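None of these values were measured; they are calculated from a predicted model. The figures here come from the full heavy-atom set of this structure, side chains too, leaving out hydrogens, waters and symmetry mates. Note that ligands are numbered from 1 as they come in the structure, with each ligand's atoms numbered from 1 the same way.
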Amino acid sequence: MIDLRSDTVTRPTNGMLEAMFSADVGDDVFGEDPTVIQLEQKAASLFGMEAGLFCPSGTMTNQIAIKMHTQPGDEVICHRLSHLYNYEGGGIMVNSGASVRLLEGNRGRFGAGAVIENINIDDVHFPATRLVCVENTCNKGGGCVWNFDRLEEIAAVTRDRGLRFHLDGARLFNALSESDESPLDYGSIFDSISLCLSKGLGAPVGSLLLSSSADIKRARRIRKVLGGGMRQAGYLAAAGVYALEHHVGRLKEDHVRAKRLGLALEAVPQVERLLPIETNIVVAILKASVDQTAFLNRLSERGVRAVPFGPQTIRFVLHLDIGDDELGVVNSVLNSI
Ligand SMILES: *Cc1c(COP(=O)(O)O)cnc(C)c1O
């Protein structure tokens with residue numbers, strides 16, 4: 001089976017497993033796991049942020065960030081396609097009691113003007129706008145990358161208006177490898193950043209939340225409340241350290257292969273069109289006459305897995321376990337489907 005459903009399906013490499021086996025560990029709830037501390041500090045300093053917090057999932061880092069930035073009754077501005085709205089089980093409401101203002105915009109992105117228009121005036125009738133969230137790359141947008149100037153403009157609005165600015169950077173390293181900006185540039189404009197280690201970076205588990213020391217202190221308390229305090233988590237953190245050291249540079253390979261997969265998909269008669277391919281995600285829209293489930297089943301019977309991604313829409317994701325040989329097999333399956 002060649003599994004292109006997600007970049008979360010990767011298994012740790014031998015090098016990563018060796019790093020995990022030889023990790024130095026302690027009880028992280030007591031703040032005594034040296035490898036967790038190393039990972040948190042390494043990521044924070046990479047982005048020029050004061051502190052980091054290692055969490056079990058990207059959902060948890062996003063949800064902690066929202067809770068740390070808001071009070072019940074506040075409002076969060078985000079895009080209609082955002083993961084933290086669509087794919088986190090309604091967590092904004094459940095965990096933070098906050099309301100959500102959804103913005104439209106091209107493949108998950110919006111401008112500072114839309115943010116300004118959607119900030120509520122200070123009046124008892126309205127929820128208090130408190131937080132703006134963006135996602136880079138945007139998953140539902142087909143892995144598209146934000147223009148950094150646009151993010152800086154939104155950051156300026158949030159600063160002027162006393163709002164907080166959070167980045168769901170589950171795939172931020174994919175965006176960075178297609179941009180001129182550095183992690184430090186990103187660290188300088190956001191109040192908090194969430195990063196996934198278990199997607200393109202290939203770790204089995206784990207995400208990081210980066211922010212100021214004061215906010216991470218509060219985030220640590222929220223993580224405990226959510227049941228996310230982990231003990232000898234250094235075995236997992238070691239995979240994260242290894243991923244940051246060995247798997248960031250290779251993300252571009254996934255992007256090159258995604259474009260090659262796109263060329264093969266464009267030639268498939270059942271495919272109407274593709275979203276533009278910018279990173280490791282390939283989204284195909286099927287012709288109206290094609291049965292989506294039957295098409296995915298035909299692919300799967302031939303050893304290639306993709307996921308449904310909305311009406312007539314399917315997603316393929318390139319990752320660490322897909323090399324040129326696997327891609328060759330996928331292309332020949334697509335040629336004959
Ligand atoms: C995967 C993902 C997350 C977090 O997912 P988990 O499965 O909880 O780690 C958050 N945001 C985006 C954009 C994602 O793709």
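Listed by atom number, the atoms of ligand 1 under 4.0 Å from E135 heavy atoms are 13 (C). Below 4.0 Å from some heavy atom of N62 lie the following atoms of ligand 1, by number and element: 10 (C), 11 (N).
Donor-acceptor pairing under 3.5 Å is lacking for the side chains of S194 and H166. A donor-acceptor pair shorter than 3.5 Å cannot be found between the side chains of H319 and D321.
Proximity of the aromatic rings of F47 and F190 is defined here by a centroid distance below 6.0 angstrom, and this criterion is not met. You'll find the ring centres of Y242 and H247 inside the 6.0 Å limit.
When hydrogens are left out, the protein atom nearest atom 9 (O) of ligand 1 is G58 N, 2.8 Å; that is the closest non-hydrogen contact. Residue, atom and distance of the protein heavy atom nearest to atom 11 (N) of ligand 1 are D168 OD2, 2.6 Å. The nearest heavy-atom contact from the protein to atom 7 (O) of ligand 1 is T59 OG1, 4.5 Å. Of all protein heavy atoms, the one lying nearest to atom 15 (O) of ligand 1 is K199 NZ, 2.8 Å.
For ligand 1, the polar-atom distance check finds no N/O of C196 at less than 3.5 Å from any of the ligand's N/O atoms. Here's the thing with S198: none of its N/O atoms is less than 3.5 angstrom from an N/O atom of ligand 1.
Put simply, the residue from R315, K199, H83 that forms a side-chain hydrogen bond (donor to acceptor under 3.5 Å, both in side chains) with N139 is R315.
Residues L131 and C133 form a side-chain contact, since some pair of their non-hydrogen atoms from C-beta on lies under 4.5 Å apart. Here the side chains of E50 and I216 are not in contact, with every heavy-atom distance at 4.5 Å or above.
Looking at L84 against ligand 1, nothing comes within 4.0 Å, counting heavy atoms. Contact annotation for S57 and ligand 1: heavy atoms of both the backbone and the side chain come within less than 4.0 Å of the ligand.
Under a 4.0 angstrom heavy-atom cut-off, R171 registers as being in contact with ligand 1.
Scanning Q63, M60, H83 for the heavy atom closest to atom 12 (C) of ligand 1 points to H83.
Following chains of ILVMFWY side-chain contacts shorter than 4.5 Å, one cannot reach L318 starting from V9, and the two form parts of different hydrophobic clusters.
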